Amino acid sequence: MKILYYSPNPNLNLSDPAGYGTHMREMIKAFRALGHEVEVHIMGGTEPKPSVAAKPSLMKRLAKVVIPARRWQTLKDQRLEEFDNDAYDRLLLKMREFKPDFVYERANYFQTSGVNAARRLKVMHFLEVNSPYVEEKVELEGDSGMLEKAREKEGWQLTKTDHVLVVSSSLREYFLHQHRVYAAKFSVVPNAIDPEKGKVNPQDVAAVKSQYNLEGKTVVGWVGSIQPWHGVETLISSFAVVAKQRADIALLVVGSGETIATMQKLAAESGVADRIHFTGSIPHAQVFAHIAAMDIAVLPDTKWYCSPIKIFEYGLLGKAIVATHHAAVLDVMVPDQDGIIIEPGAERLQAALLKLIADPALRSQLGAHWQQKVLRSHTWEANARRVLELFEFAQTSVAR
């Protein structure tokens, strides 16, 4: 089968180490591993960009000061629409040259070139949607005079594509409410993991334990970008309470981000600062050795629509998980079988940590059960196989 993988976003580069780059690369790799020919059409480029971003011109910096914020975002949306018009023409050329059986698109805010080109050439089109793009635009960048048009474009994408792949059931429910698209058009395909990442060198794990003085301790851990919505503050404060009852535990916080200084200050004031360790930013290839050094891995919070990839990373290494109740977590994990799922709150997190710290057998049981499920159902290849099954079903439905 010939698959055209399309990303219309001018700023998403295939080689980027961020999560979106990993998602794109892994799906392309998985389609190819299953024996299919994949043509990549990434409007943000496929080659690594300079590590240091170019400094904005003086004119641009002055314009951002002079032009009101809403007007500035409106101008950005207008430029994005112009870019998408050009992307549409370029995609048509690529499709006529490659002649794909179907187009697999990673959706983006304000861009309908993919679904429009597929409709024009009567090629089946699947749309992968990872967030509520209009709301995300407002949250991250601010208001725009073109938001109403953006919502119309979002509705057009969802209505005119052949199938929508969302990363969580909460995201599906959101779109069903916003755009009245029929439910059968959606499939929930959560994030996943590459099993090869689980092959960790024991010497690397020993080095992590030595670096942070973790030998002989039960290690509670967290991995990710330290942002306000990730609940790291709750994790640190909860750990501090538990650590005053258990002298044999340590906390390993892997990653950096917007609020790391605030979290470090909280840790310093906790009374157990010597047992809370921050790694700062580390290469992704080293993350798995750090997870392997943990005994209990935590998801204290996440955004309502996200499919948190960290639970699959934790699972790949067979770690016992404490995760806060979210639709995306319950999409994949069964409470008390795959991990301990709790309602939000420091007291509940403290109780779950104490339970797992005191019961190594339960940790092993939960970790092994979730690990088996991850390896069976939540690899990128399993996701690609699911997409292809949906494509075959859609083709059969059309033929009827």
Side-chain angles (χ1 to χ4, degrees), residues 1-9 12 14 20 23-44 46 84-131 133 152-168 171-172 175-176 179-192 380-400:
M1 185 186 302
K2 299 175 73 174
I3 303 168
L4 194 152
Y5 188 103
Y6 179 52
S7 171
N9 190 313
L12 299 190
L14 184 62
Y20 78 81
H23 197 152
M24 291 197 293
R25 291 190 301 274
E26 293 290 355
M27 285 300 292
I28 292 165
K29 176 184 172 184
F31 284 137
R32 287 173 173 161
L34 293 172
H36 302 282
E37 182 180 357
V38 183
E39 179 73 13
V40 174
H41 193 60
I42 310 293
M43 297 305 295
T46 59
D84 199 46
N85 290 336
D86 178 63
Y88 169 79
D89 294 332
R90 293 169 64 179
L91 180 59
L92 282 177
L93 290 174
K94 177 64 71 173
M95 291 176 66
R96 285 171 174 148
E97 174 188 323
F98 181 59
K99 296 180 174 56
D101 295 296
F102 84 102
V103 174
Y104 184 95
E105 177 182 355
R106 183 185 176 93
N108 185 50
Y109 171 79
F110 219 90
Q111 295 189 272
T112 57
S113 52
V115 69
N116 289 340
R119 280 171 57 83
R120 178 167 176 177
L121 297 185
K122 295 181 172 56
V123 175
M124 192 161 288
H125 178 273
F126 275 26
L127 190 71
E128 173 199 297
V129 186
N130 293 278
S131 67
Y133 293 110
E152 291 174 357
K153 283 179 173 286
E154 183 177 79
W156 176 264
Q157 279 184 307
L158 297 171
T159 303
K160 300 305 178 182
T161 187
D162 291 289
H163 204 73
V164 184
L165 309 163
V166 289
V167 292
S168 66
L171 192 56
R172 177 191 61 199
F175 287 132
L176 289 174
H179 298 291
R180 309 296 183 184
V181 184
Y182 61 94
K185 197 166 196 174
F186 288 83
S187 291
V188 177
V189 182
N191 278 319
W380 294 110
E381 194 164 305
N383 279 10
R385 191 175 291 110
R386 172 87 186 282
V387 171
L388 294 168
E389 289 171 355
L390 290 166
F391 169 73
E392 295 291 345
F393 179 78
Q395 269 196 321
T396 303
S397 300
V398 169
R400 288 175 183 169

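Owing to the predicted nature of the structure, the values given are computational and were not obtained by experimental measurement.
- Atom-to-atom distance recorded for Ser113:OG and Lys153:NZ is 9.0 Å, nearest 0.5 angstrom.
- Side-chain contact between Pro100 and Val123: present, with at least one pair of heavy atoms (C-beta onward) separated by less than 4.5 Å.
- Atoms CZ and OG1, from Arg119 and Thr112 in turn, are 10.5 Å apart once rounded to the nearest 0.5 Å.
- Among residues two or more places apart in sequence or in another chain, the side-chain contact (heavy atoms from CB on, under 4.5 Å) test is passed with Ser131 by Tyr133, Glu136, Tyr305.
- Looking at Arg106 and Tyr20, their side chains never bring a donor and an acceptor atom within 3.5 Å of each other.
- Side-chain N/O atoms of Asn191 and Trp380 include no donor and acceptor closer than 3.5 Å.
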Does Glu105 form a side chain to side chain contact (heavy atoms under 4.5 Å, CB included) with Ser7? I'd like the steps, not just the answer. CA-CA 6 Å; Glu105 177 182 355; Ser7 171; over 6 Å; no
Show, in sequence, the C-alpha distance, side-chain angles and deciding distance for Arg32 and Ile28, and conclude whether the side chain to side chain contact (heavy atoms under 4.5 Å, CB included) test is met.
CA-CA 6 Å; Arg32 287 173 173 161; Ile28 292 165; 3.5 Å; yes
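- Panel note: side chain Lys185, backbone Asp162; no donor-acceptor pair is recorded below 3.5 Å.
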(Q) Could you go through Leu158 and Val115, starting from their C-alpha distance and side-chain angles, then the distance that decides it, and tell me whether this counts as side chain to side chain contact (heavy atoms under 4.5 Å, CB included)? (A) CA-CA 9 Å; Leu158 297 171; Val115 69; over 6 Å; no
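- Annotation: side chain of Val166 is in contact with side chain of Phe175 (closest heavy-atom distance under 4.5 Å).
- Between the side chain of Arg386 and the backbone N or O of Val189 there is no donor-acceptor pair closer than 3.5 Å.
- Considering only heavy atoms from C-beta on, Val103 stays 4.5 Å or farther from Met124 through its side chain.
- For the ring pair (Phe, Tyr, Trp, His ring centres under 6.0 Å) criterion with Phe126, the lone passing option out of Phe393, Tyr104, Phe102 is Phe102.
- Side-chain contact between Leu165 and Leu127 is absent, with no heavy-atom pair separated by less than 4.5 Å.
- Taking the side chain as every heavy atom from C-beta outward, Val129 and Val164 approach each other to under 4.5 Å.
- Under the 4.5 Å side-chain criterion, counting only non-hydrogen atoms from C-beta, Lys94 is not in contact with Tyr6.
- Looking only at distances, a side-chain donor or acceptor of Ser168 sits under 3.5 Å from a matching main-chain atom of Leu171.
- A donor-acceptor distance shorter than 3.5 angstrom exists from the side chain of Arg25 to the backbone of Leu14, with no hydrogens or angles considered.
- When side chains are defined from C-beta on, Ile42 does not count as touching Leu12, because their heavy atoms never get closer than 4.5 Å.
- In this structure, the side chains of Pro8 and Asp84 come closer than 4.5 Å at one or more pairs of heavy atoms.
- Rounding to the nearest 0.5 Å places CG of Leu92 at 12.5 Å from CD of Glu97.
- With salt bridges taken as basic N to acidic carboxylate O contacts below 4.0 Å, none links Glu39 and Lys2.
- Within a 6.0 Å sphere centred on CZ of Arg90, heavy atoms belonging to other residues, nucleotides or ligands number 12 at most.
- Lys29 meets the salt bridge (charged side-chain N to carboxylate O under 4.0 Å, His left out) test with Asp194; sequence neighbours excluded.
- Using modelled atom types, one side-chain atom of Thr161 and one backbone atom of His125 make a donor-acceptor pair closer than 3.5 Å.
- Distance check, rounded to the nearest 0.5 Å: CZ of Arg172 to OG of Ser187 gives 9.0 Å.
- The neighbour count for Arg96 CZ, taken as heavy atoms of other residues, nucleotides or ligands under 6.0 Å away, is above 12.
- We find the CG-CE distance between Leu91 and Met95 to be 5.5 Å, quoted to the nearest 0.5 Å.
- Judged purely by atom type and a 3.5 angstrom limit, Asn383 has no side-chain atom pairing as donor or acceptor with the backbone of Met27.
- Asn9 is linked by a side chain to side chain donor-acceptor pair (under 3.5 Å) to Asn108, counting only residues two or more places apart in sequence or in another chain.
- By the 4.0 Å N-to-carboxylate-O rule, Arg385 lies close enough to Glu381 to be salt-bridged with it.
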Note to self: Applying side chain to side chain contact (heavy atoms under 4.5 Å, CB included) to His23 and Glu128, what does each step give before you reach the verdict?
What the structure shows: CA-CA 11 Å; His23 197 152; Glu128 173 199 297; 3.6 Å; yes
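- Note that CD1 of Ile3 is 8.5 Å distant from CG of Leu34, once rounded to the nearest 0.5 Å.
- Side-chain atoms of His179 and Thr159 include no donor-acceptor pair closer than 3.5 Å.
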